[in-house]
Peer 1: 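There's a structure below that I have some questions on.
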Amino acid sequence: MPDSRRSRYWLFFHVVFLYITISFLWWSYLLHRNNYENYHGILEREQQRYGQFGDFKATPAYAELYDNFKRTEWMLYGEGAVFLFLIGLGFWRIRKTFREEIAMTRQQNNFLLSITHELKSPLASLKLSMQTMQKRQLDQEHIQKISHMALDDIARLQSLVENILWASKIESANFSLNRELLDVSALTSEIYQRIQEKYEGHRVFIANIEKDVHCYADRLSFASVVYNLIENAIKYSPEKATISVELTGDEHNIYLNVADTGMGVPDKEKEKIFNRFYRIGTEETRTTKGTGLGLFIVKHVVQHHDGTIHIVDNLPKGSIFKVSIPVGA
Ligand code: ADP
C-alpha cells in the first residue's frame, strides 16, 4: 500500500475511534443525567405529596427509589467501563496489526532493494572481469587475479541464492532435517579456515575449537549457522577487529560462540534481528549490504535442532552470538 494511502487510512481510523469514544462518553453522560433527573423528579414530587404527613425519606418507598437509582447508576458505570475497555482493546489490537503490517511492508521493500543491489553488483563486476579477459591480452598473473575476483563474485551470488532458498524452505511444513552423527569440530574448523583465508590480514582471528565434538545434526543446515555467524561477525566489524570462534561440548549439548569487536547490537534490536528481512537502520543509514535473511535462517535451523540462540554484548565492544544444541540421540 502506498505511504500516502496508508496515512489516510491511519488518520481515518483515529478519527473514527475518536468519534466513537466521544459519542459513547456523551451518551453515557446523557443516560447518567437522565437517571439522576428521574430520581430527583420523583423525590421532589413525593416529598411535596408527603409534606403534611411526614418525611418521604423515612419510608420504604424512598428506600426502593434510592436503590433503583443507585442500581441503575452502577449498571451504567459497569457497562460503560466494559464498553470502554472493549473499544480500547479493539483499538490497540487494530493499531498493533496495522503497525506490524507497515513494518512488514517496509522490510519487504528493503529486502527487494537490497536483493536487487546484491544481485546487481556481483553481476556487474563479473561482466567487467569477463570483458577485461576478452578484450586484452593478459599475462598469467593477471588472468589469475581476475579469475579469483570472478570466483568471489560467483560465491557471493551463490550464497545469496542459497540463503533465499533456505529461507523459503525452512518455514514450509515439509521441511525436514537430514540428521547424522556429525563431527562438528571438523566442520566448524573447515568453515573457519576457509573464511580466515579469505579475510587474511583484514581481521584478527582467534579459534578455540575443541576436538571431537559430535552431535546429531543436519550437515548443510549446521554449516549455514557457522557460516552466517562468522560472515556477520566480519561484515559488522571494522578492519583489524578481532573475530573469535569457540566450540565446546559436554555430554548434553554443543556450544558455539562467535564473538566480534564490531559495532554491536543495541538492546532493543537484539530480538528483532532474527526476524525475516530485518536489518538495523534504514537504507540511508546502512553501510553494509545484506538481505536480512542470515540470522532468520540461523535461528530456524537452531530451533529445528531443539537448540537455542541468543546474543550478548561483547565488552567493551561488539557482540557474542551463543548457540547451544542438544547432542541428540
Ligand atoms: P544481513 O546481514 O544480510 O543484513 P542478517 O539476518 O544476517 O542479515 O542480520 C540481520 C541484521 O542484524 C543485520 O542487518 C545487522 O544489522 C545485524 N547484525 C547481525 N550480525 C551482527 C553482528 N555480528 N554485529 C552487529 N550487528 C549484526
Peer 1: Please work out which of the three classes, parallel, tilted or perpendicular, describes the rings of Phe13 and Phe98, given edges at 30° and 60°.
Peer 2: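 It falls in the parallel class, under 30°.
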Peer 1: Does any N or O in the side chain of Asn314 come within less than 3.5 Å of the main-chain N or O of Asp260, such that one atom is a donor and the other an acceptor?
Peer 2: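 Flag set: sc Asn314 to bb Asp260 pair under 3.5 Å.
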Peer 1: Counting only heavy atoms not in His40, do more than 12 fall under 6.0 Å of its NE2?
Peer 2: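 Correct, the count exceeds 12.
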Peer 1: Between Lys145 and Glu141, is the closest basic N to carboxylate O distance under 4.0 Å?
Peer 2: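 Lys145 and Glu141: not salt-bridged.
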Peer 1: Does CD belonging to Glu271 count more than 12 external heavy atoms closer than 6.0 Å?
Peer 2: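 Not more than 12 within 6.0 Å, no.
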Peer 1: Could you report the tightest heavy-atom contact between Ala217 and Leu182, atom names first, then the distance?
Peer 2: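 The answer is CB-CD2, 3.9 Å.
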Peer 1: Would you say the side-chain atoms of Lys240 pair up with the backbone N or O of Gly201, donor to acceptor, closer than 3.5 Å?
Peer 2: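 Yes, because the side chain of Lys240 sits within donor-acceptor range (under 3.5 Å) of the backbone of Gly201.
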Peer 1: Closest approach of Ile311 and Ser319, non-hydrogen atoms and distance?
Peer 2: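 Closest pair (atom of Ile311, atom of Ser319, distance): CD1-CB, 3.8 Å.
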Peer 1: Hey, quick one: are Ile280 and Ile297 part of the same hydrophobic cluster, counting side-chain heavy atoms closer than 4.5 Å, chains of contacts allowed?
Peer 2: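 Same cluster.
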Peer 1: Under a single-linkage definition using a 4.5 Å side-chain heavy-atom cutoff for Ile, Leu, Val, Met, Phe, Trp and Tyr, are Val16 and Trp27 assigned to the same hydrophobic cluster?
Peer 2: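 No; Trp27 is not reachable from Val16 via cluster members.
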Peer 1: Salt-bridged, Lys270 to Asp313, with N to O below 4.0 Å?
Peer 2: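 A salt bridge is present here (some side-chain N lies under 4.0 Å from a carboxylate O).
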Peer 1: Just by distance, do the side chain of Ser185 and the backbone of Val213 share a donor-acceptor pair under 3.5 Å?
Peer 2: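 Pair found, side chain donor or acceptor close to backbone of Val213.
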Peer 1: Considering all heavy atoms of both residues, which atom of Ala259 and which atom of Ala233 are nearest to each other, and what is their separation?
Peer 2: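 Heavy-atom minimum between the residues: O-CB, 4.5 Å.
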Peer 1: Would you compute the distance between atom CG of Leu43 and atom CD of Gln48 and round it to the nearest 0.5 angstrom?
Peer 2: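 Reported to 0.5 Å precision, the distance equals 10.5 Å.
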Peer 1: Can you confirm whether Tyr66 is buried at OH, in the sense that more than 12 heavy atoms of other residues, nucleotides or ligands lie under 6.0 Å from that atom?
Peer 2: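 12 or below, so no.
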Peer 1: Start with the C-alpha distance between Arg279 and Thr288, add both sets of side-chain angles, then the distance that settles side chain to side chain contact (heavy atoms under 4.5 Å, CB included), and finish with yes or no.
Peer 2: CA-CA 10 Å; Arg279 308 197 69 221; Thr288 53; 3.2 Å; yes
Peer 1: Looking just at side-chain N and O atoms, do Ser125 and Arg156 make a donor-acceptor pair shorter than 3.5 Å?
Peer 2: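 Side chains of Ser125 and Arg156: no pair found under 3.5 Å.
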Peer 1: Quick one: do Glu231 and Lys235 satisfy salt bridge (charged side-chain N to carboxylate O under 4.0 Å, His left out)? Show the steps, please.
Peer 2: CA-CA 6 Å; Glu231 280 282 342; Lys235 190 154 84 173; over 6 Å; no
Peer 1: Identify the two heavy atoms, one from Ser224 and one from Val298, that lie closest to each other, and give their separation to 0.1 Å.
Peer 2: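 Shortest heavy-atom contact: O-CG2, 4.3 Å.
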Peer 1: Give the C-alpha distance, both sets of side-chain angles, the deciding distance and a yes or no for side chain to side chain contact (heavy atoms under 4.5 Å, CB included) between Ile143 and Met133.
Peer 2: CA-CA 7 Å; Ile143 292 178; Met133 292 234 252; 4.1 Å; yes
Peer 1: State the NZ-CG distance between Lys57 and Leu65, to the nearest 0.5 angstrom.
Peer 2: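 Separation between the atoms: 10.0 Å.
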Peer 1: Would you name the heavy atoms of Ile209 and Ser189 that are closest together and state the gap between them?
Peer 2: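 Ile209 and Ser189 have their closest heavy atoms at CG2-OG, 3.7 Å.
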Peer 1: For the OH atom of Tyr36 and the CG atom of Leu76, what is their distance to the nearest 0.5 Å?
Peer 2: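 If I round to the nearest 0.5 Å, the distance is 15.0 Å.
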Peer 1: Tell me the closest heavy-atom pair linking Val327 and Asn253, and the distance in Å.
Peer 2: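 Scanning both residues completely, I find the closest heavy atoms to be CG2-N, 3.6 Å.
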Peer 1: According to a hydrophobic-cluster definition based on side-chain heavy atoms being under 4.5 Å apart (Ile, Leu, Val, Met, Phe, Trp, Tyr only), do Phe91 and Ile87 belong together?
Peer 2: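 As far as the 4.5 Å side-chain criterion goes, Ile87 and Phe91 are connected within one cluster.
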Peer 1: Check whether His305 reaches the backbone of Asp218 with its side chain - one donor and one acceptor, N or O, closer than 3.5 Å.
Peer 2: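 Confirmed, His305 side chain pairs with Asp218 backbone.
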Peer 1: Are Leu295 and Tyr278 close enough, and set up right, to give a side chain to side chain contact (heavy atoms under 4.5 Å, CB included), and what steps lead you there?
Peer 2: CA-CA 9 Å; Leu295 289 179; Tyr278 192 83; over 6 Å; no
Peer 1: With a cut-off of 6.0 Å (strictly less than), are more than 12 heavy atoms of other residues, nucleotides or ligands near OH of Tyr29?
Peer 2: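 12 or below, so no.
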Peer 1: Could you give the distance from CG (Leu256) to CD1 (Ile325), rounded to the nearest 0.5 Å?
Peer 2: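 It comes to 8.0 Å.
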Peer 1: Let me check something: do Ile42 and Tyr62 share a hydrophobic cluster, defined by ILVMFWY side-chain heavy atoms less than 4.5 Å apart, either directly or through other members?
Peer 2: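 Both belong to a single hydrophobic cluster.
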Peer 1: Does the plane of the ring in Phe274 sit parallel, tilted or perpendicular to the ring in Phe321? Use 30° and 60° as the thresholds.
Peer 2: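 Because their plane-to-plane angle is over 60°, the rings of Phe274 and Phe321 count as perpendicular.
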Peer 1: Supply the atom-to-atom distance Thr261 OG1 to Ile320 CD1, rounded to the nearest 0.5 angstrom.
Peer 2: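 Answer for the OG1-CD1 pair, Thr261 versus Ile320, is 11.0 Å.
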Peer 1: To the nearest 0.5 Å, what is the distance between CG (Asn208) and CG (Asn257)?
Peer 2: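 Taking CG in Asn208 and CG in Asn257, the distance rounds to 9.5 Å.
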Peer 1: Do the ring planes of His304 and His300 sit parallel (below 30°), tilted (30 to 60°) or perpendicular (above 60°)?
Peer 2: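 Tilted.
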Peer 1: A side-chain contact here means heavy atoms from C-beta on lying under 4.5 Å apart; do Phe296 and Trp166 qualify?
Peer 2: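 They are not in contact (no side-chain heavy atoms under 4.5 Å apart), so the answer is no.
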Peer 1: Is it true that Leu177 and Ile254 fall in one hydrophobic cluster, defined by side-chain heavy atoms closer than 4.5 Å?
Peer 2: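 Yes; Ile254 is reachable from Leu177 via cluster members.
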Peer 1: Would you find a donor on one side and an acceptor on the other, under 3.5 Å apart, between the side chain of Thr242 and the backbone of Val204?
Peer 2: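 Side chain of Thr242 to backbone of Val204, a donor-acceptor pair under 3.5 Å: no, none is there.
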Peer 1: Is there a side chain to side chain contact (heavy atoms under 4.5 Å, CB included) between Val323 and Val226 once you walk through the steps?
Peer 2: CA-CA 10 Å; Val323 174; Val226 181; over 6 Å; no
Peer 1: Can Asp250 and Tyr255 be counted as having a side-chain donor-acceptor contact under 3.5 angstrom?
Peer 2: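 There is such a pair (donor and acceptor under 3.5 Å, judged by atom type) between the side chains of Asp250 and Tyr255.
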Peer 1: For Asn35 and His32, test the side chains for any donor-to-acceptor distance below 3.5 angstrom and give the result as yes or no.
Peer 2: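 Not at all, the side chains of Asn35 and His32 share no donor-acceptor pair under 3.5 Å.
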Peer 1: More than 12 heavy atoms of other residues, nucleotides or ligands under 6.0 Å from CD of Glu37: yes or no?
Peer 2: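 Result for CD/Glu37: enclosed.
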Peer 1: Please confirm whether the backbone N or O of Gly328 pairs with a side-chain atom of Arg179, one donor and one acceptor, at under 3.5 Å?
Peer 2: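 Such a contact is absent between Arg179 side chain and Gly328 backbone.
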